[in-house]
Amino acid sequence: LYSGYFAFMNVCFVKSRIYEKIGLFLQDMLLKTRLHEHLFQLLETRISELSVLRTQISHDSTESGKGSAGDKHEVGIALAQLEIEKIDGQINLLQQQHAALKRIDAQQAHTQIQTGSIFMCNEQWFYCSIAFGQLEFEQTSVFCLSPEAPLYLALKGKKVGENALLNGKTWKIEAVS
């Protein structure tokens, strides 16, 4: 009898801690706005870092070419050009993500999962915005996923308390904002 009671109390305690975490994380509606702004800053920082790297590689390949001749010089310039093209592709992708993030109204509250929603499933926070992966934000781990992500597609339009099945795993929606 006592073991059943303690098991029940343990479940209640765990659930109350989960709901407490949800409440603390969502209590401030500006949270999503801050997360959104944080993503903007991360993208802008990465774009800036890549732009500096691109400029440095371009400058270095130009400088190394002065006074050099022959195949070694041409190979060096070709490798630098390939690296610059790779960096340009990364910058282009980041700029597309930046533009996609701009189209999301982070101040809009949601009752069902859609682009711009922050939601909790299986005790994990997600932000449907851009494919950025997991980040730590205000002592909480948040996984940023795109509207093309399979998990988002399985959960799209669902509300708190509803479930979705993806790859044999049940995803229970615990919070949506």
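- Of all the heavy atoms in Cys121 and Leu155, the pair that sits closest is SG-CD1, 3.6 Å.
- Using a 30° and 60° split on the angle between ring planes, Phe137 and His38 fall in the tilted class, from 30° to 60°.
- Between the side chain of Ser58 and the backbone N or O of Arg54 there is no donor-acceptor pair closer than 3.5 Å.
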Chi angles and distances behind the side-chain contact (heavy atoms from CB on, under 4.5 Å) call for Phe119, Gln124: CA-CA 8 Å; Phe119 58 94; Gln124 169 66 50; over 6 Å; no
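- Two different hydrophobic clusters hold Leu145 and Leu93 under the rule that ILVMFWY side chains link at heavy-atom gaps under 4.5 Å.
- To the nearest 0.5 Å, atoms OG (Ser117) and NZ (Lys158) are separated by 14.0 Å.
- Considering CE of Met120 and CH2 of Trp171, their distance stands at 12.0 Å, rounded to 0.5 Å.
- Between Lys32 and Leu35 there is no side-chain heavy-atom pair separated by less than 4.5 Å.
- Using a 4.5 Å heavy-atom threshold, the side chains of Leu39 and Tyr127 count as touching.
- Checking side-chain atoms of Glu162 against main-chain N and O of Ile173 turns up no donor-acceptor pair under 3.5 Å.
- When every heavy atom of Ser146 is checked against every heavy atom of Ala131, the shortest pair comes out as CB-N, 3.7 Å.
- Salt bridge Arg34/Glu37: absent, no basic N to carboxylate O contact under 4.0 Å.
- Rounded to the nearest 0.5 angstrom, Leu53 CG and Lys86 NZ are separated by 9.5 Å.
- Put simply, the side chain of Asn122 gets close to the backbone of Thr170: a donor and an acceptor are under 3.5 Å apart.
- Gln134 contributes atom CD, which lies 14.0 Å from atom CH2 of Trp125 (distance to the nearest 0.5 angstrom).
- Looking only at distances, no side-chain donor or acceptor of His98 sits under 3.5 Å from a matching main-chain atom of Glu44.
- The shortest heavy-atom contact between Ala154 and Ala164 is O-CB, 3.5 Å.
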Check against side-chain contact (heavy atoms from CB on, under 4.5 Å), Ile91 and Ser51: CA-CA 8 Å; Ile91 291 172; Ser51 295; 3.8 Å; yes
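- Side-chain contact between Ile130 and Ile104 is absent, with no heavy atoms from C-beta onward closer than 4.5 Å.
- Shown here for Thr115 and His110, the closest heavy-atom pair between the two residues is O-CE1, 3.7 Å.
- Side-chain atoms of Gln107 never come within 3.5 Å of backbone atoms of Thr33 as a donor-acceptor pair (strictly under, hydrogens ignored).
- Closest approach of Ile87 and Leu50 over heavy atoms only: CG2-O, 3.5 Å.
- With rounding to the nearest 0.5 angstrom, the OG atom of Ser141 is 7.5 Å from the CG atom of Leu135.
- Remark: Phe126 CZ to Cys144 SG distance equals 10.5 Å, nearest 0.5 Å.
- Within the 4.5 Å cutoff, side-chain heavy atoms of Leu101 are placed close to those of His36.
- Within a 6.0 Å sphere centred on CD of Gln139, other residues, nucleotides and ligands contribute 12 heavy atoms or fewer.
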